[in-house]
Each structure stands twice: as C-alpha cells, then as structure tokens.
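Values below: every heavy atom of this structure, side chains too, minus hydrogens, waters and symmetry copies. Treat the numbers as computed from the prediction; the structure is a model and nothing was measured.
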Amino acid sequence: MKHIWMSVAAATLLLTVSTAAAAADTAASTESPLKIRNKEWKGETLVLRDGRVYGAPEALARGGRWEITKEGSAYFASVPVGEGRESVRLPVGKDGLADISFFGDQAGLTFKLNEKKKEIKFDKPKQEKKKKKDKKRSDAKKKIKNDGEVLVMWDPDSDFDPSKPFFEKGKEKRIVSPGWGAYSAMSTGRLYYPIDYIDRAQKAGVLVMPMVNNDFDADATSVFLKDEKAQDAFLRRLAAYTEVYGLDGWNIDFENMDPKDAARFTDFMADTADLMHGMGKKVSVDITAIGDADSYWSGCYDRKGLAEHVDYEILMGYDQTAAGSSHAGPVSAYDWLDRVLPPLLEEVPADQLVLGLPFYTRVWTGDDGSVSSDVLTVYYTDEFARKHKIVPRWQTKERQFYADWREGGVRRRVWLEEERSLAEKLGLVEKYKLGGAAFWRYGFEAPAVYSALDKAL
C-alpha cells in the first residue's frame with residue numbers, strides 16, 4: 001500500500017540541485033546595493049535583486065532570535081527550541097548571500113523597503129517573551145478542532161508551480177506536501193530545502209506541510225521508536241526546520257512497521273503533535289484501510305489512538321490491488337472505498353479523516369495467477385487509450401472505465417483513473433462528511449482533472 005517513491009538519496013539530490021539552480025539564476029540577475037538607514041547596521045552590505053533583499057547570513061542574527069554559525073562553506077541557523085537551541089542548515093547562493101526577504105520574519109527582522117530609492121530601514125527588533133518550560137505530554141484525551149476541509153497534494157519532486165492549473169481557491173485549505181526525505185536524514189540538520197518552492201506556494205495561498213517518511217524500513221523504524229533520545233533529537237530538529245523555513249506543519253508517512261510497535265508509533269505521533277501544536281502548526285499522518293491485524297501495512301496503526309493527537313489521518317485510498325498481486329484489479333474502486341470508510345469512521349472522527357485518491361492506475365498483463373503490471377498516470381491515459389485502440393466501458397459498481405483486450409495474444413486489462421472516476425470518489429467526502437481529500441501525486445494528473453474535481457467539490 002505504500003506510495004510510489006523515489007529513493008531518499010535521489011530526493012535529497014533533487015532538492016539540493018533545485019536550490020543550487022535557483023541560486024545560480026539569482027546570481028545572474030541584475031542587482032543594486034541598498035542604502036541602510038539604520039546606524040547600528042553600519043558596515044553591513046545588502047543588495048536588492050528582483051525585488052528581494054539579500055545579505056550575509058550573519059545579518060540574520062541582528063533580529064535577536066537566531067545565532068548564525070559557519071562550518072566550511074555551510075551556514076547554520078541556531079534557533080530556540082524548548083530550553084535549548086537547535087541548528088539547521090541555511091541555503092545560500094553561490095555568492096554567499098542569504099535571502100533576507102524570506103528568512104527575515106522568522107529571524108525577527110522586519111523592514112521597510114523603498115525600491116525606487118534603493119533604501120531599506122529595519123524596525124527595532126521586538127523583545128522575545130521567554131517561553132515557558134516544555135511540559136511533559138499529557139496522556140489525557142484531546143478533542144482536535146479543525147476549521148474546515150483540506151485539499152492535500154503530495155509533491156515528492158517539489159515541482160509545484162502556481163502558474164499551472166491547480167485547485168481553485170475555495171472554502172477548502174489547499175496544502176502541498178513536498179517529499180523531504182526520511183527522518184534519519186533530517187535528524188542531522190544538514191539538509192537544506194528550496195525556499196523558492198515554499199515562497200511561491202505560500203504566496204499563492206497554499207500551505208506547505210512537507211512529508212517525512214521512514215524509508216519503509218521496519219527494523220530501523222522499530223529501533224527508532226524504542227529510542228526516546230533519538231526521537232527527541234529528531235523532533236527538536238523538526239521544530240528548528242519549522243521555525244527557520246516558516247512551514248505550516250508536517251505530514252508523517254511511516255509505513256511498513258511492526259504491528260508490535262503500533263502503541264510506540266502513537267506515542268511518537270502524540271509527541272510530534274504536541275510540539276507542533278505548541279508552535280501553532282498542523283500535523284497529519286498517513287494510514288491504510290483497516291485489515292489484517294498482523295500485517296506490517298495495516299496492523300501497525302492504532303487509528304483511534306492517533307486521532308486523539310493528530311489533526312488529520314489521511315487514508316491512502318489506493319492500491320486496492322497492489323503491484324505484486326497475482327490477479328488483476330482496480331487501484332481504487334468506488335465500491336471498495338465505500339466499504340472501507342465506515343469501519344474507519346468508527347475509530348476516526350469524520351472531520352479528521354482525509355480521503356487520499358490516486359492520480360494513477362495499473363495496466364495488467366497476463367491472466368490471473370501470473371499477472372504483471374505497469375503504472376499508468378492520469379496524464380498519459382488519453383494517449384494510452386489512443387495508442388492501444390481501446391474503447392473502455394463504464395462500470396457502474398466500480399464507477400470506473402474498464403478495458404479488456406489482447407496484444408500479441410496476451411491479455412491486458414485496466415481500470416482507468418480519470419476525471420469522472422475521481423470526481424465520483426470525491427463524492428465520498430461529502431457523503432461521509434470527511435475532513436477533505438488528498439492526491440498522490442502532483443505531476444501525475446492531467447490539467448483537465450482540476451476543473452472536474454473543483455466541480456465535484
């Protein structure tokens with residue numbers, strides 16, 4: 001039931017390259033020196049580039065919240081977390097400058113910029129109130145109050161582009177969830193992320209809640225969930241990344257875990273939620289449909305227990321028929337979802353349950369008992385149908401178009417995911433008064449999908 005994932009190394013490389021490419025583009029832009037109107041800033045150099053202010057990373061320490069350190073060519077922001085401090089890496093351009101416009105608010109720097117006169121004046125830093133000492137998490141049941149439905153788009157390649165078709169701004173809160181790798185890599189604090197991605201999403205009114213996974217490594221996850229010190233170190237880094245990058249929360253995607261660790265995972269998520277709620281942020285966790293209690297893919301979640309702490313549980317409503325199945329079948333049929341939702345709603349309040357839907361299906365080759373499959377994204381569905389000259393037929397029960405044909409004497413079958421089928425499934429959000437919908441994944445969809453789903457909403 002797991003997401004279709006790239007490797008963590010590839011994801012990390014992608015984010016690093018993305019940031020480096022953005023820095024290179026920035027370096028090529030026209031820039032002008034800024035005159036700083038604050039006497040105490042004497043000796044500091046700032047530049048204006050494409051309407052944004054850049055300066056030495058050390059300038060961010062002037063806001064009074066951060067300490068800036070350097071290791072070789074890498075810069076780190078040390079920020080208050082609880083009674084101590086935690087450091088995470090800052091992205092800087094090839095010219096060694098940091099984006100003051102992006103990091104300023106988080107660092108405690110606010111300013112007035114006169115682009116015409118090329119002048120800038122910083123406000124007097126506000127005195128930070130001393131935060132109370134962190135309290136031990138309470139095991140008392142809590143009522144999570146959510147303010148409206150959400151639309152979540154998982155974006156593992158960090159490709160979100162607000163100039164391309166996307167959901168219309170409506171009553172739902174729109175969220176993008178870029179894939180930021182595994183907890184083990186984030187715990188180092190040495191990764192850095194594409195601030196241009198966060199900036200363009202938030203300016204478009206879209207919240208940014210990155211997804212963190214466990215590499216789907218059951219043994220390593222079990223060790224982690226038994227190690228309170230390791231969890232505390234990770235969560236402190238998570239808080240630091242949240243603060244430095246101005247994030248709106250997190251999506252935790254831990255899959256393939258030992259069912260014996262279900263209670264430990266709930267405790268971990270409780271600590272995560274308490275930490276994020278204390279910062280005014282949201283937390284969601286990905287879950288599967290209820291199934292075999294001994295299954296590493298289903299039995300590892302205490303869905304009722306998780307609901308007492310997290311804001312949303314996102315049902316991965318796909319891979320009804322998994323890639324390794326011995327028989328062909330739909331990835332996410334309407335009637336299957338309609339069966340698995342009621343039992344879930346006995347454990348998870350409706351306004352906390354988000355229905356995850358796929359922007360892909362599987363094309364099956366061979367007869368049942370010896371089938372194989374390939375992924376077909378919604379984006380290529382029309383092209384695939386033309387190329388193979390198939391005429392799909394609507395299936396009333398599954399509410400999908402189905403095709404069964406032969407190529408070279410070999411049987412092929414597909415239950416298509418496209419605008420109509422997805423819109424039908426989205427109707428389940430209204431039927432069960434769910435907390436919203438999520439989609440795996442950005443880049444798999446066809447532009448026309450959004451208009452169909454907006455109408456369904």
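Looking at every heavy atom in both residues, T266 comes nearest to H309 through CG2-CD2, 4.5 Å. Here the shortest heavy-atom pairing between P330 and Q400 reads CB-OE1, 3.4 Å. Of all the heavy atoms in L207 and D248, the pair that sits closest is CA-OD2, 3.3 Å. Taking all atoms of both residues into account, the shortest heavy-atom contact from A423 to A452 is CB-O, 4.3 Å. Nearest approach of P162 to R200, heavy atoms of both residues: CD-CD, 3.8 Å. The two atoms that bring G55 and I100 nearest to each other are N-CG1, 3.6 Å, heavy atoms only.
By the 4.5 Å heavy-atom criterion applied to side chains, D157 and R441 are counted as neighbours. Residues M279 and E243 form a side-chain contact, since some pair of their non-hydrogen atoms from C-beta on lies under 4.5 Å apart. No side-chain heavy atom of L151 sits less than 4.5 Å from a side-chain heavy atom of I175. By the 4.5 Å heavy-atom criterion applied to side chains, I314 and N251 are counted as neighbours. The closest side-chain heavy-atom distance from P178 to M211 is not below 4.5 Å. Side-chain contact check for Y241 versus Y192: every heavy-atom pair is 4.5 Å or farther apart. Annotation: side chain of L337 is in contact with side chain of S332 (closest heavy-atom distance under 4.5 Å). Two residues are said to be in side-chain contact when any heavy atoms from C-beta on lie closer than 4.5 Å; Y442 and F359 fail this criterion.
Here E313 does not pair with R303 in a salt bridge; the nearest charged N to carboxylate O distance is not below 4.0 Å. Ion pairing of K171 with E149 is present here, as a side-chain N (NZ or NE/NH1/NH2) and a carboxylate O approach within less than 4.0 Å. For the pair K112 and D123, the salt-bridge criterion is met [side-chain N within less than 4.0 Å of a carboxylate O].
Shown here are the side-chain hydrogen bond (donor to acceptor under 3.5 Å, both in side chains) partners of S177, two or more places apart in sequence or in another chain: there are none. Shown here are the side-chain contact (heavy atoms from CB on, under 4.5 Å) partners of R190, two or more places apart in sequence or in another chain: E71, F76, T188. The side-chain hydrogen bond (donor to acceptor under 3.5 Å, both in side chains) search around T361 returns none, not counting sequence neighbours.
Annotation: cation-pi pair R49/Y54 present, NZ/CZ under 6.0 Å from the ring centroid and within 45° of its normal.
F234 and F224 have perpendicular rings, their planes meeting at more than 60° on a 0 to 90° scale where under 30° would count as parallel. Ring pair Y197/F160 is perpendicular by interplanar angle, where above 60° counts as perpendicular and below 30° as parallel. In this pair, W415 and Y402 present their aromatic rings tilted. The plane angle is within the 30 to 60° band.
A distance of 5.5 Å separates CG in L353 from CG in L434, rounded to the nearest 0.5 Å. Note that CZ of R264 is 5.0 Å distant from NZ of K226, once rounded to the nearest 0.5 Å. How far CG of L60 is from CD of E67: 13.0 Å, rounded to the nearest 0.5 Å. Expressed to the nearest 0.5 Å, how far CE of M209 lies from OG1 of T242 amounts to 10.0 Å. For the atom pair CG (L355) and OH (Y318), the distance works out to 10.0 Å, reported to the nearest 0.5 Å.
Between the side chain of E418 and the backbone N or O of R420, at least one donor-acceptor pair lies under 3.5 Å. Side chain of E255 to main chain of W297: no donor-acceptor pair is present (N/O by atom type, distance under 3.5 Å, no hydrogens or angles). Formation of a donor-acceptor pair under 3.5 Å by the S187 side chain with backbone atoms of Y183 is found in this model. Formation of a donor-acceptor pair under 3.5 Å by the Q320 side chain with backbone atoms of A333 is found in this model. Within the 3.5 Å criterion, the main-chain N or O of G148 finds no donor-acceptor partner in the side chain of N146. Distance alone, capped at 3.5 Å, is enough to place a donor-acceptor pair between the D227 side chain and the K229 backbone. Judged by distance alone, the side chain of S421 and the main-chain N or O of R399 form a donor-acceptor pair under 3.5 Å. Panel note: side chain K282, backbone W250; no donor-acceptor pair is recorded below 3.5 Å. S298 contributes no side-chain N or O that, together with a main-chain N or O of D294, makes up a donor-acceptor pair within less than 3.5 Å. No donor-acceptor pair under 3.5 Å is formed between the side chain of S325 and the backbone N or O of T321.
Between Y301 and F254, a ring centre-to-centre spacing not shorter than 6.0 Å is recorded.
Under the side-chain hydrogen bond (donor to acceptor under 3.5 Å, both in side chains) criterion, the residue pairs touching residues 448-457 are E445-Y450, with sequence neighbours excluded. A side-chain hydrogen bond (donor to acceptor under 3.5 Å, both in side chains) check over residues 98-107, counting only residues at least two apart or in different chains, returns the pairs R52-D99.
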Using residues 339-350 as the side-chain source, report each donor-acceptor pair under 3.5 Å to any protein atom, sequence neighbours left out, with the distance given to one decimal.
from	atom 1	to	atom 2	distance (Å)
R339	NH1	D335	OD2	3.4

